[in-house]
Amino acid sequence: MRRTVLFCETLRETPAEAEVAGHQLLLRGGYIQPLAAGIYSLLPLAQRVATKIEQILREEMDAVGGQEITMPVVHPAELWRETGRWYDIGPELVRLRDRAHRDLVLAMTHEEVVADLLRRQVRSYRQLPVVLYQIQTKVRDEPRSRGGLLRTREFTMKDAYSCHASYEDLDRYYPQMYQAYLNIFGRAGVQVTAVQSDVGMMGGTMAHEFMLLTEIGEDQLALCDTCGYSANRQVATFRKPEPEAEEWLPLEEVETPGTRTIAALSELLGIPESRTAKAAFFVSAEHLIFAVVRGDMEVNETKLANAVGAQELRPANAEELSKAGIVPGYASPIGVGSVTIVVDDLVARSPNLVAGANRVGYHLRNTNYGRDYEAGLVADIAAAYEGAPCPHCSSPLRIVRGVEVGNIFKLGTKYSEGLGAAFLDEEGVSRHIVMGSYGIGVGRLIASTAEVCRDERGLVWPITIAPYEVYLAGLDLADARVRSTAEWLYEELDRAGVEVLYDDRDERAGVKFNDADLLGIPLRITVSRRTLQGNSAELKRRASAETRYVPLSDITVEVSEEIRHLREEILNRVEQEPLAAEE
RNA sequence: CGGGGUGUGGCGCAGGGGUAGCGCGCGCGCUUUGGGAGCGUGAGGUCGGAGGUUCAAAUCCUCUCACCCCGACCA
């Protein structure tokens, strides 16, 4: 491609709207163009990156038995009513009506349609297992889009669905998909960390997320460097400290004026925060939930929601609290009525904690679970924290941020039951199809790769997904000999199958070099009067400052070699890491 | 949905009652030519939108829309 033809305008200054570095570079490099909040066009360069990623996706999906299909983006609401998600999902599901006033939805995901396909097509165990996938548009009216392609309201997703006759067969298949995912990200040249995760709105029994570790990530992960334990903080467990072995002491009210926080309380009473109980309040389906964790810990909302079986959980507001007779800052699980009390297992085991007295200016010493109050539920609802003991080996956990670039779920029969997708087994018994669901966001992968693969000058694409392999900078193009050599080399490389972006513009060297760096093409070749003096061209890797002159007679071979090296460097890093059978 | 911020030419910004400017980019000409050139000369703007105040509004007032950031939420 000639730079004079390429639909791409690079910017010298960073657009003010972009905060995230990777996003800034994609805008400056002319990769993407915003149309509305969280809605982007992919321009030719980004489209090429997307196409390369999609090619990897197709190859790896095909390798684990996937068959590509395309499902519609517009669905009849009836399908979503059948599984209940029409009612369960909020405004992020885009709903519309056709001219006959029929309700329609725009696909935010495709489980319903897959299950519908299955119920229409599958009758016998002989047809299973089957793995279907597509690379399709998803629409989600996000409450808040973010970071350019990182979180958008319309995006392309590779979604795959495996369909099995039994849970055993899904369990056997799931690790294959797990490995396929490691292959995909490895081949794309990005390092990901697989973590156990919450099943969220998708439902199901087991899930992993593939996380690209970066500060701009929206998720928090708990990682153990010693034994390799890794989990999304939403579900991460940790080994809780053994509480002090103490006799229960008598309950005692103390005056604590103006101490509405745990920190103030522990200072006033001269006790560690770990000797206090902290209350937090949530509302689920109009029902108030009173959560208690030890004062030095935080409530993990996901764990809490899962513990009480809630679809949705939100912090309670002041009005709801006062209606329930709860005094914020001095709340106590003792003597509150008509609310669900959920107590963290550590609090239930800890003697003589200080808790609120449910009366402004007073707390209670020596509260003891079982003697002074009971709970509707005792469960692990505390959030893992930096330095918390690993649940497997007790080493301190690290909390880091990451971007979820892919996820895999054991869905089970939620959708096949909802839509009645069943088959007859060997014995002639009707059974529901057991499903797995596997997603990768293409745009998000582009955005997070841009975030991770860059330096102060611009992007540095892994060669496997770079829009072009070579940036050919022709300098001194007014010189007929230089021009004809550059043109010849462009043709020559093209004939050799090398993907070249040829900068044939009438620009100064600095402009071309800066653009080459900004766009992040892995290799740069320079042809100029200077290089032609030795009948050579200059070759440089984007990732290195080193340059070398290569005779024109060898340049095509040399470049092909370099490309091969760069590819091998990436492919050699692809992890072979079998998924442990039991997690 | 709560909190904060910003809307002035393609991009970055200034101006703050008297009819719009700077830098970069863009067109043309000459010079220059290995890390974002110089000079000259041009083109390009309903100052986000609507209403109001005023002799006069980019500027003041009211409403509204859009975009960004934090939170809530989320694959």
Side-chain angles (χ1 to χ4, degrees), chain A residues 9-20 23-24 27-28 30 33-39 89-93 107-111 138-148 150-153 155-159 197-204 207-211 216 218-219 232 234 282-283 301-302 305 311-317 403-409 411 437-445 457-458 473-479 482 505-518 524 526-533 537-538 540 545 547 549:
Chain A
E9 291 303 314
T10 56
L11 298 173
R12 298 196 181 196
E13 297 194 72
T14 303
E17 69 178 47
E19 191 90 351
V20 173
H23 181 209
Q24 291 177 344
L27 285 170
R28 274 192 61 206
Q33 179 71 51
L35 179 64
I39 303 182
I89 297 178
E92 61 267 33
L93 177 63
M108 62 186 301
T109 173
H110 281 83
E111 279 79 10
K138 301 279 186 279
V139 179
R140 298 180 187 178
D141 191 359
E142 285 291 335
R144 188 175 156 222
S145 46
R146 210 189 140 252
L150 215 49
R151 176 170 218 84
T152 53
R153 297 195 293 167
F155 58 99
T156 300
M157 187 181 204
K158 184 286 297 173
D159 46 323
S197 65
D198 184 48
V199 293
M201 75 163 202
M202 308 298 291
H208 287 84
E209 292 169 339
F210 293 80
M211 295 287 186
I216 62 158
E218 297 175 284
D219 288 277
N232 193 305
Q234 291 179 327
F282 300 89
V283 173
E301 284 188 39
T302 305
Q311 278 277 348
E312 225 185 308
L313 208 60
R314 63 169 174 81
N317 60 41
V403 174
E404 180 191 343
V405 288
N407 56 34
I408 59 178
F409 287 89
L411 276 184
S437 150
Y438 318 89
I440 290 180
V442 176
R444 181 177 286 186
L445 183 55
R457 296 182 162 279
L475 311 184
D476 311 318
L477 288 177
D479 182 316
V482 178
R505 295 175 302 174
D506 179 23
E507 287 287 355
R508 297 165 67 88
V511 174
K512 296 192 179 190
F513 291 155
N514 278 302
D515 259 12
D517 289 343
L518 174 61
R524 188 185 83 192
T526 306
V527 176
S528 68
R529 279 201 194 99
R530 192 190 289 179
T531 68
L532 288 194
Q533 278 171 12
E538 181 196 84
K540 177 182 174 298
T547 61
Y549 277 33

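Atoms considered below: every heavy atom in the structure, side chains included; atoms not considered: hydrogens, waters and symmetry mates. The sequence lines fix the lettering, A, B, ..., with proteins before strands; numbering per chain opens at 1.
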Sugar-phosphate only, base, or nothing, as touched by A:Arg457 at under 4.0 Å among non-hydrogen atoms: base
Taking atom C1' in both B:C24 and B:G17, what distance in whole Å separates the two? 31 Å
Any strand is fair game: report the nucleotide pairing with B:U46 by Watson-Crick or G-U wobble, both distances under 3.5 Å, or none. none
Which is true for A:Thr302 with a 4.0 Å heavy-atom rule: it touches a base, it touches only sugar-phosphate, or it touches nothing? nothing
For B:C60, the Watson-Crick or wobble counterpart (both distances under 3.5 Å): B:G52
In whole Å, what is the span from the CG atom of A:Asn232 to the C1' atom of B:A75? 12 Å
Identify whether NZ of Lys or CZ of Arg in A:Arg140 sits under 6.0 Å from the centre of the six-membered ring of A:Phe155 and within 45° of that ring's axis. no
Heavy-atom nearest nucleotide on RNA chain B taken for A:Glu19 and for A:Thr152; more 5' hit belongs to A:Glu19
Of A:Thr10 and A:Val20, the one whose nearest nucleotide on RNA chain B sits closer to the 5' end is A:Thr10
Check whether more than 12 heavy atoms from other residues, nucleotides or ligands sit under 6.0 Å from atom CD of A:Glu9, and answer yes or no. no
Whole-angstrom distance between B:U32 and B:G48, as gauged at atom C1': 42 Å
With sugar-phosphate meaning primed atoms plus P, OP1 and OP2, does A:Asp159 contact a base, only sugar-phosphate, or nothing at under 4.0 Å between heavy atoms? nothing
Could you tell me whether A:Thr14 contacts a base, only the sugar-phosphate backbone, or nothing, with contacts defined as non-hydrogen atoms closer than 4.0 Å? sugar-phosphate
Would you kindly give the CD1-to-P distance between A:Ile89 and B:C73, to the nearest whole Å? 16 Å
Considering every strand and a 4.0 Å limit on heavy-atom distances, what is the contact class for A:Gly443: base, sugar-phosphate, or nothing? nothing
Hunt down the Watson-Crick or G-U wobble partner of B:A37, both distances under 3.5 Å, from any strand shown, or write none. B:U31
Quick note, A:Arg524 side chain, CB onward, closest among B:G12, B:U33, B:G34 is B:G34
Would you indicate what A:Gln234 reaches in the nucleic acid, counting non-hydrogen atoms under 4.0 angstrom: base, sugar-phosphate, or nothing? nothing
Answer yes if the side chains of A:Gln234 and A:Ser197 hold a donor-acceptor pair under 3.5 Å, and no otherwise. no
Classify A:Glu218 by what it touches in the nucleic acid, base, sugar-phosphate, or nothing, heavy-atom distance under 4.0 Å. nothing
Side-chain H-bond candidate by donor/acceptor type, A:Glu209 with A:Asn407, under 3.5 Å: no
Remember a base hit wins even if backbone is also touched, and classify A:Asn514 as base, sugar-phosphate or nothing at under 4.0 Å, heavy atoms. base
Atom-to-atom span, CZ of A:Arg12 to P of B:G10 - whole angstrom: 18 Å
For A:Ile216 and B:C69, give me the distance from atom CD1 to atom P, rounded to whole Å. 11 Å
Base, sugar-phosphate, or nothing for A:Pro143, non-hydrogen atoms under 4.0 angstrom? base
Would you classify A:Ala478 as touching base, sugar-phosphate or nothing, given that sugar-phosphate means primed atoms plus P, OP1 and OP2, and contacts are heavy atoms under 4.0 Å? nothing
Using atom CD of A:Glu142 as one end and atom C1' of B:C68 as the other, report the distance to the nearest whole Å. 16 Å
Could you give the distance separating B:U59 and B:G52 at their P atoms, to the nearest angstrom? 14 Å
Closest of B:A72, B:C11, B:G35 to the A:Glu13 side chain is B:C11
Find the partner of B:A66: check Watson-Crick (N1-N3 plus N6-O4 or O6-N4) and G-U wobble (N1-O2, O6-N3) distances, both under 3.5 Å, and reply none if neither fits. B:U6
Pick base, sugar-phosphate or nothing for A:Arg28, based on heavy-atom distances below 4.0 Å to the nucleic acid. base
Between B:A75 and A:Phe409, is there a base-stacking contact, meaning the centre of the base's six-membered ring lies under 5.5 Å from the residue's ring centre while the planes stay under 30° apart? no
Out of B:A75, B:C26, B:G34, which has the shortest distance to the side chain of A:Met157? B:A75
